[in-house]
Amino acid sequence: MKFVASSTELLGKLQAVARVISSKNTLPILDNFLFDLQGNILTITGSDLESTISTKIELDNVDGSGKMAVPAKILTDTLKEFPEQPLTFDVNNETYVIEIFSENGKFSVMGQDADDFPQVPEIKETATTAEFSAEILLTGINRTLFATADDELRPVMNGIFVQMEENTITFVASDAHKLVRYRRTDIENAAAASFILPKKPAGLLKNLLAKDYGSLIVQFDEKNAIFRMAGYILICRLVEGTYPAYQSVIPQNNPNKMVIDRADFYNTLRRVSVFSNQASNLVKLQIEDTMLTISAQDIDFSISAYERLNCQFDGENIEIGFKSSFLIEILSNLSATDVMLEMSEPSRAGLLFPVDKEKEHEDILMLLMPMMINS
């Protein structure tokens with residue numbers, strides 16, 4: 001088979017697909033792209049067995065058809081060095097030799113038999129189907145991905161729990177220290193359903209969706225999910241199991257409520273946390289009337305620091321400790337001008353919310369477990 005493709009258009013597609021390819025593949029064939037030329041449509045596929053990305057390019061100059069596994073790294077590394085120009089690919093389906101002709105030269109690489117490339121998993125006919133804005137999924141992943149766990153003993157915690165109900169979609173992630181719940185009510189679904197999206201495909205979707213603000217179709221059964229976007233399809237294996245009852249760990253009726261400028265809170269924490277114990281990362285928040293005192297110390301090195309910030313506070317004076325790196329991470333993932341910290345007592349989780357919503361139909365809650373303060 002023979003075809004001509006734009007060097008920059010092909011590179012853009014290959015770089016998006018290449019993100020799925022693992023650097024430590026157990027099967028050598030997975031170090032390749034699968035090229036499938038049918039008519040004037042070239043389908044490019046990459047996989048790591050758990051996740052698969054495919055995309056299509058419409059070509060004008062085509063001769064023949066067929067499939068070939070093409071070495072991913074050498075092809076992308078070569079295309080990065082080309083200025084925009086048409087490249088001619090001449091593929092021998094019998095010897096697997098791939099010759100690439102540029103304006104000034106020829107490059108030869110060895111491909112592999114396309115039949116060795118793993119088959120894409122199929123979704124059951126009874127799979128759940130939903131269609132909604134790609135922006136909703138992108139925002140849900142952006143808000144929650146950082147809170148997923150790396151826990152071999154509890155794999156259900158290593159992904160984002162996506163729960164769909166009538167007119168509502170909820171994204172939840174937790175590592176048992178922090179929890180994020182992001183909810184949207186501007187979606188229409190025919191049936192209630194849920195799945196757990198693993199961390200790697202969530203990251204792949206984050207990259208692909210950033211280029212697409214159209215609609216998205218997701219189909220999923222008990223084991224796999226297919227995400228159909230403009231220009232790309234991602235198929236991934238889901239995390240099997242039941243997600244923990246996260247609602248039960250969210251404390252209700254928290255009487256102590258502090259409102260503070262998010263940027264001031266964030267920047268002060270970054271400065272003061274430098275003086276915290278490197279093992280615990282503990283920072284202490286002491287709130288009295290309209291004054292927040294943030295302090296940290298490391299007795300081993302005889303260093304300490306504190307800063308005071310003005311805040312709005314409703315409740316009884318309270319002193320509570322948090323792991324500074326987690327609190328900083330949460331604040332960096334809230335984009336509101338002011339945030340509210342709700343607390344009940346020093347031994348129970350604190351809740352953080354944006355005071356002003358970015359969008360009318362969204363609701364976000366971030367929970368952080370406290371740390372013991374040594375008297």
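Taking the ring axis of Y232 as reference, the NZ or CZ atom of K13 stays within 45° of it and closer than 6.0 Å to the ring centre.
Using a 3.5 Å distance cut-off with no hydrogens or angles, the side chains of E84 and S6 do pair a donor with an acceptor.
With sequence neighbours excluded, the residues forming a salt bridge (charged side-chain N to carboxylate O under 4.0 Å, His left out) with K106 are E99, listed by chain and number. A search for salt bridge (charged side-chain N to carboxylate O under 4.0 Å, His left out) contacts involving E50 returns R237, not counting sequence neighbours. Residues meeting the side-chain hydrogen bond (donor to acceptor under 3.5 Å, both in side chains) test with T170, sequence neighbours left out: R183. R270 meets the salt bridge (charged side-chain N to carboxylate O under 4.0 Å, His left out) test with no other residue; sequence neighbours excluded. Scored by the salt bridge (charged side-chain N to carboxylate O under 4.0 Å, His left out) test, D186 finds R184 as partners (sequence neighbours excluded).
In this structure the side chain of L352 reaches within 4.5 angstrom of the side chain of L327, judged on heavy atoms. Contact of the Q38 side chain with the T43 side chain is not registered, since no non-hydrogen atoms from C-beta on lie closer than 4.5 Å. Counting heavy atoms from C-beta on, the side chains of N277 and D300 come closer than 4.5 Å. With contacts defined as side-chain heavy-atom distances shorter than 4.5 Å, the pair L285/L341 qualifies. Contact check for L59 versus V4: no side-chain heavy atoms found under the 4.5 Å cut-off. Between T88 and K2, the closest side-chain pair of non-hydrogen atoms falls below 4.5 Å. Using a 4.5 Å heavy-atom threshold, the side chains of Q85 and S102 count as touching. Contact check for F35 versus V91: no side-chain heavy atoms found under the 4.5 Å cut-off.
Just one residue in the list I328, L334, I294 forms a side chain to side chain contact (heavy atoms under 4.5 Å, CB included) with F265, and that residue is I294. Considering P28, S23, S22 as possible partners of N25, the one that fulfils the side chain to side chain contact (heavy atoms under 4.5 Å, CB included) test is S22. Each of T45, L208, D48 was evaluated against I53; a single residue qualifies, L208, per the side chain to side chain contact (heavy atoms under 4.5 Å, CB included) test.
The aromatic rings of F227 and F195 sit perpendicular, their planes meeting at an angle over 60°, well past the 30° parallel limit. Aromatic ring orientation, F82 versus F107: perpendicular (interplanar angle above 60°, classes split at 30° and 60°).
The shortest non-hydrogen separation linking V20 to T52 is CG2-N, 4.3 Å. Shortest non-hydrogen contact noted between N254 and S344 is OD1-CB, 3.6 Å.
Residues D115 and K67 are not paired through a salt bridge, judged by the lack of any N-O separation under 4.0 Å between the basic side chain and the carboxylate.
Counted within 6.0 Å of NZ on K257, heavy atoms from surrounding residues, nucleotides or ligands total 12 or fewer; the atom is thus considered open. The number of heavy-atom neighbours closer than 6.0 Å to CG of L27, taken from other residues, nucleotides and ligands shown, is above 12.
Residue pairs meeting the side chain to side chain donor-acceptor pair (under 3.5 Å) criterion with at least one partner in residues 314-327, sequence neighbours excluded, are N281-S325.
Note that CD1 of I100 and CG of L79 are 6.5 Å apart. Values are rounded to the nearest 0.5 Å.
Under the 3.5 Å distance criterion, the side-chain polar atoms of N32 are matched with a main-chain donor or acceptor of I29.
Under the 4.5 Å side-chain heavy-atom criterion for ILVMFWY residues, no single connected hydrophobic cluster contains both F322 and L351.
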